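Below: the structure, in structure tokens.
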Amino acid sequence: MLDFLGTRQRTHTCGQLRAADAGQTVTLMGWVNRRRDHGNLIFLDLRDRYGITQIVLDKEISPEGHPKAEHVRPEYVVAAIGKVRLRGPESVNPKMPTGEIEIAATELLVLNDSKVPPFSPAEDAIQNEEVRLKYRYLDLRRPEMAHNLEIRHKVALAMREYLNAQGFFEIETPFLTRSTPEGARDYLVPSRVHPAHFYALPQSPQLFKQILMISGLDKYFQIVRCFRDEDLRADRQPEFTQIDLEMTFPQQDTIFQVVEGFLKSAFEVTGEKISTPFPRMTYDEAIRLYGIDKPDLRLPPMTGVRDVFTAEEVASLKIEPGLPIVAIVIPGKQAMSNTQKKAFAQEINAAVAPDLAYLDIDRLAAAPQFAALAQRIDAAAAKNCGLARVEPDHRLIVVSPRIGATPPARDHLWLYKKAGQLRLDLAKRFQDEHKAFAKKGTSDDYKFLWVTDFPFFEWDEATKTWTFAHHPFTSPHEDDLLAGRMTSDPENVRALAYDIVLNGLELGSGSIRIHRQDVQQQIFRALGMSDEEAKDRFGFFLEALQYGTPPHGGIALGLDRLVMILAGASSLREVIAFPKTAKAIDLMVDAPTPVSDAQLKELHIRPALRG
Ligand code: ASP
């Protein structure tokens, strides 16, 4: 038999009461986390979002409540009314914030019962994530999940407060809109009123925020959902949240300062310190030093060591003379046996094949004619990688281009990229030894970086054309425009685009935009889009650009990813209340689903189209 709530109200949460509250009469409400039956005494751990408080049902004190407690089970919802009392010294629980007290209940109301849950919210997350997602409401009862959502809330609030103080307006933009390109497929919504016409869900509010600048709103931001129908990977969600912003008359620096400011606030509210300003690196530097456009600065950079080789050494080691030789240091790699070394060498050779080869420093050092070279490489690598010296327990990996090594078409940095991939793979593999990724509780835990001067164009091998590397509203570097490189030398045109990187993860990207209609048209042409096609797709925007568009720029950062890092979570799904699986399914509501023929008909879609 369930009890009615009547007019009762809770007086405190389950995480609130302390020793100083002893003697007060209180009413707590919550879920039964655990129940222990000691005959005349029954203990209920009562849980809500705020914590857990121990309730005692003593047959003597509560002759009516005690028998009810006998029937109560985990996840029942109860109200307990009684006095706060100090626990005896032997039963104080120092691990619980409420561990010094308990409630001697005089009354117990059973407000609701519960089926036996498929897993217990009182325990750590179960392995089977599908079950967790199907019963998300139970999973979210776990304190860890509530904590993650609390971090998310605090981070979003801190950013809003910061941006508000800087004069930004939060302005909503439509979800039912037309396609704006961010390089992914659109989610389409059929129109009932306009047969065979579709809205697209925004991949980002890109054009709207630019139009808000044309409208003179000056500083815009929005914590906004974006939708991209991409091939899913573990760290992607079809709908995700961005902190999106745009400003009028900015230099890159203006935007960097705003972002550094709100990130500082966001980290502070979660008890983490970061130092600003963040270091900066051009795209070219990033690739040469780290082999990737999102360097993880927790690891030492790579270094070119071509200079320390003589021409004879290059020739006798069968190295392509015109190409760089790259050294990577993996710190703290434990010594290996000879058999292990051999296997390791084979593995690296295979990883960098066919164009690169592994120069084994130990073998060079052992060969009389190369011993001096080995020493020079060692010294150069230590110096350039920012280490005192390459310790014996560091692993120095040198990759050199084989004779005849040919770069993939139009990619002058291919060699560094390949070496950089190896660097990352090895760093991940040996992380238990070098511990560079382990949290140390200092500001070194968060290595931020701005990467600037991205190439404007990307070569698309499939279509054999140049395509935009960022999005087509990004401004090229003014110098490159003036020098006419758009047509004469597209490969070397730089974009006024920047990424913010944290610990090797891209947190966000943005750019200074094109504000002139003639330049925008030139870019569309350079991308192989005819004027008609451009007008058809972006006519409204090209039109707007002609009405006094100010210089403007902005950025968008992924909120889910940021919160994931701050919560120390292993996946985006841990910080999104109702996420989708890697196959884009919402297991709780069971979406997507087929719809009725009648609904399809209304939308002018023929049922035959259904799979
Ligand atoms: N719209 C871009 C994105 O979603 C960000 C920007 O350029 O502001 O990546």
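From a predicted model like this one, the values you see are computed outputs, not experimental measurements. In each ligand, atom 1 is the first atom listed, and ligand 1 is the first ligand listed.
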Side-chain donor-acceptor contacts of residues 542-552 below 3.5 Å, not counting sequence neighbours, with atom names and distances?
unit_1	atom_1	unit_2	atom_2	d
Glu543	OE2	Tyr547	OH	3.4
Gln546	NE2	Leu542	O	3.1
Thr549	OG1	Leu545	O	3.0
His552	ND1	Pro550	O	2.8
His552	NE2	Gln210	NE2	3.0

(message) I'd like to check which ligand 1 atoms, numbered from 1 as shown, lie under 4.0 Å from a non-hydrogen atom of Ile555.
(response) 8 (O)
(message) Just verifying a value: how many Å separate Gln222 CD and Leu212 CG, rounded to the nearest 0.5 Å?
(response) 9.0 Å
(message) In this structure, is the centre-to-centre distance between the rings of Phe468 and Phe524 below 6.0 Å?
(response) no
(request) Answer yes if the side chains of Tyr220 and Asp244 hold a donor-acceptor pair under 3.5 Å, and no otherwise. (result) yes
(message) With a 4.0 Å cut-off on heavy atoms, is His471 in contact with ligand 1?
(response) yes
(message) If we only consider heavy atoms of Arg228, is any one of them less than 4.0 Å away from an atom in ligand 1?
(response) yes
(request) May I ask you to list the atoms of ligand 1 that are less than 4.0 angstrom from any heavy atom of Lys209? (result) 6 (C), 8 (O)
(message) Evaluate Gln203 for polar contact with ligand 1, using N/O atom pairs at a separation under 3.5 Å.
(response) no
(request) Please indicate whether Glu230 has more than 12 foreign heavy atoms, meaning atoms of other residues, nucleotides or ligands, lying under 6.0 Å from its CD. (result) yes
(message) Need the ligand 1 atom indices (1-based, order shown) with element for anything under 4.0 Å from a heavy-atom of His470.
(response) 7 (O)
(request) Report, in ascending order of atom number, the atoms of ligand 1 lying under 4.0 Å from any heavy atom of Ala556. (result) 5 (C), 8 (O)
(request) Would you kindly specify which portion of Arg513 sits under 4.0 Å from ligand 1, judged on non-hydrogen atoms: side chain, backbone, both or neither? (result) side chain
(request) Give a yes or no on whether Asp231 atom CG has more than 12 heavy-atom contacts from other residues, nucleotides or ligands under 6.0 Å away. (result) no
(message) I need the atoms of ligand 1 closer than 4.0 Å to a non-hydrogen atom of Gln242, numbered in the order shown.
(response) 3 (C), 4 (O)
(request) Provide the number and element of each atom of ligand 1 under 4.0 Å from a heavy atom of Gln206. (result) 1 (N), 2 (C), 5 (C), 6 (C), 7 (O), 8 (O)
(message) So, regarding Ser511 and ligand 1 (criterion: nitrogen or oxygen to nitrogen or oxygen, under 3.5 Å), is there a contact or not?
(response) no
(message) A quick test of your reading: do over 12 heavy atoms of other residues, nucleotides or ligands sit less than 6.0 Å from CZ of Arg280?
(response) yes
(request) Quick one: sort the Tyr137 and Tyr135 rings into parallel, tilted or perpendicular, breaks at 30° and 60°. (result) perpendicular
(message) I want to confirm something. Looking only at heavy atoms, which of Gly510, Pro205, Ser509 is nearest to atom 5 (C) of ligand 1?
(response) Ser509
(request) Return the residue, atom name and 0.1 Å-rounded distance of the protein heavy atom closest to atom 3 (C) of ligand 1. (result) Glu182 OE1, 3.4 Å
(request) Look only at the side chain of Gln242 and the backbone of Arg225, and say whether a donor-acceptor pair between them is shorter than 3.5 Å. (result) no
(message) Checking contacts here: is it the side chain or the backbone of Ser204 that comes within 4.0 Å of ligand 1, counting heavy atoms only? Could be both or neither.
(response) side chain
(request) Check whether any heavy atom of Glu246 sits under 4.0 Å from an atom of ligand 1. (result) no
(message) Treating Arg228 as the side-chain partner and Gln203 as the backbone partner, does any N or O pair qualify as donor plus acceptor under 3.5 Å?
(response) yes
